[in-house]
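One structure is given below, encoded as structure tokens.
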Amino acid sequence: MGNRRHGISFADRVYKLCRKIPKGRISTYKLVGKKMGRRGQIYRAVGVALKKNPYAPKVPCHRVVASDGSLGGYSAKGGIKTKIKLLKKEGIQVKNNKIIDFEKKLFRF
DNA sequence: CGCTTGACACCGT
DNA sequence: AACGGTGCCAAGC
């Protein structure tokens, strides 16, 4: 250890950021990508990273949704159904696959 | 080393 | 307002 400057992957950085999202709040793939400090649209890669998230739901990737307020996806155990359940449990209301008061609950880091 | 994939976002119709 | 096509990025094979 010690000698690896990058030992941490792009995906790992995504997970780290996700943990910063407070309970009861949500963020978007776009914002996460933006916070990564990269130019261009890396939100695509963010999605791929979260898809492979082995730490769900320990890493609250379920708090990351699409920019238009729709849920996006969830590959972890239980699928999208679980995502909705987790969100509701944390106080986020979901209706018709959309986040209620999206702008309000949005966490902009 | 290049092609394909994917939990998105944006623009045009 | 809803749908479809296009573009970008990192990872896997």
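Note on naming: letters A, B, ... go to the chains in the order of the sequence lines (proteins, then strands), and numbering restarts at 1 for each one. Keep in mind that this is a model prediction, so the values were computed, not measured.
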> Between dA7(B), dA9(B), dA10(C), which nucleotide gets closest to the side-chain atoms of Ala45(A)?
Replying inline: dA10(C)
> Just how far, in rounded Å, is P of dC8(C) from NZ of Lys34(A)?
Replying inline: 17 Å
> Roughly how many Å is it from NZ in Lys83(A) to P in dA7(B), rounded to a whole number?
Replying inline: 11 Å
>> Between Ser67(A) and dC10(B), is there a contact of a side-chain N or O with OP1 or OP2 at under 4.0 Å?
In response: no
> Which part of the nucleic acid does Leu50(A) contact within heavy-atom distance under 4.0 Å: base, sugar-phosphate only, or nothing?
Replying inline: base
> Please give, in whole Å, the distance from dC9(C) P to Lys35(A) NZ?
Replying inline: 20 Å
> Can you tell me how far P of dC10(B) sits from OH of Tyr29(A), to the nearest Å?
Replying inline: 14 Å
> 5'-most contact on DNA chain C: Tyr43(A) or Arg38(A), nearest heavy atom basis?
Replying inline: Tyr43(A)
> To the nearest angstrom, how far is Lys98(A) atom NZ from dA1(C) atom C1'?
Replying inline: 11 Å
>> If you define the side chain from C-beta out and look only at heavy atoms, does anything of Val32(A) sit under 4.5 Å from Phe109(A)?
In response: yes
>> Taking the minimum atom-to-atom distance to the side chain of Ser9(A), which one of dA9(B), dC9(C), dA11(C) wins?
In response: dA11(C)
>> Within this structure, what is the CD1-NZ distance for the pair Ile92(A) and Lys23(A), rounded to the nearest 0.5 Å?
In response: 11.0 Å
> In whole angstrom, what separates Gln41(A)'s CD from dG6(B)'s P?
Replying inline: 20 Å
>> If I take atom NZ in residue Lys51(A) and atom P in nucleotide dG12(C), what distance separates them, rounded to the nearest angstrom?
In response: 11 Å
> Taking the side chain as C-beta and beyond, is there a heavy-atom pair between Ile21(A) and Ile26(A) under 4.5 Å?
Replying inline: no
> Out of curiosity, Lys104(A) NZ to Arg25(A) CZ, how far, rounded to the nearest 0.5 Å?
Replying inline: 9.5 Å
> Tell me: CG of Asp68(A) to P of dA2(C), nearest whole Å?
Replying inline: 11 Å
> Knowing that exactly one of Ile84(A), Val65(A), Leu86(A) qualifies, which makes a side chain to side chain contact (heavy atoms under 4.5 Å, CB included) with Tyr74(A)?
Replying inline: Leu86(A)
> NA contact type, Lys30(A), heavy-atom cut-off 4.0 Å: base, sugar-phosphate, or nothing?
Replying inline: sugar-phosphate
> Lys52(A) side chain N/O closer than 4.0 Å to the phosphate oxygens (OP1, OP2) of dA7(B)?
Replying inline: no
> With a non-hydrogen cut-off below 4.0 angstrom, is Phe10(A) in contact with a base, only sugar-phosphate, or nothing?
Replying inline: sugar-phosphate
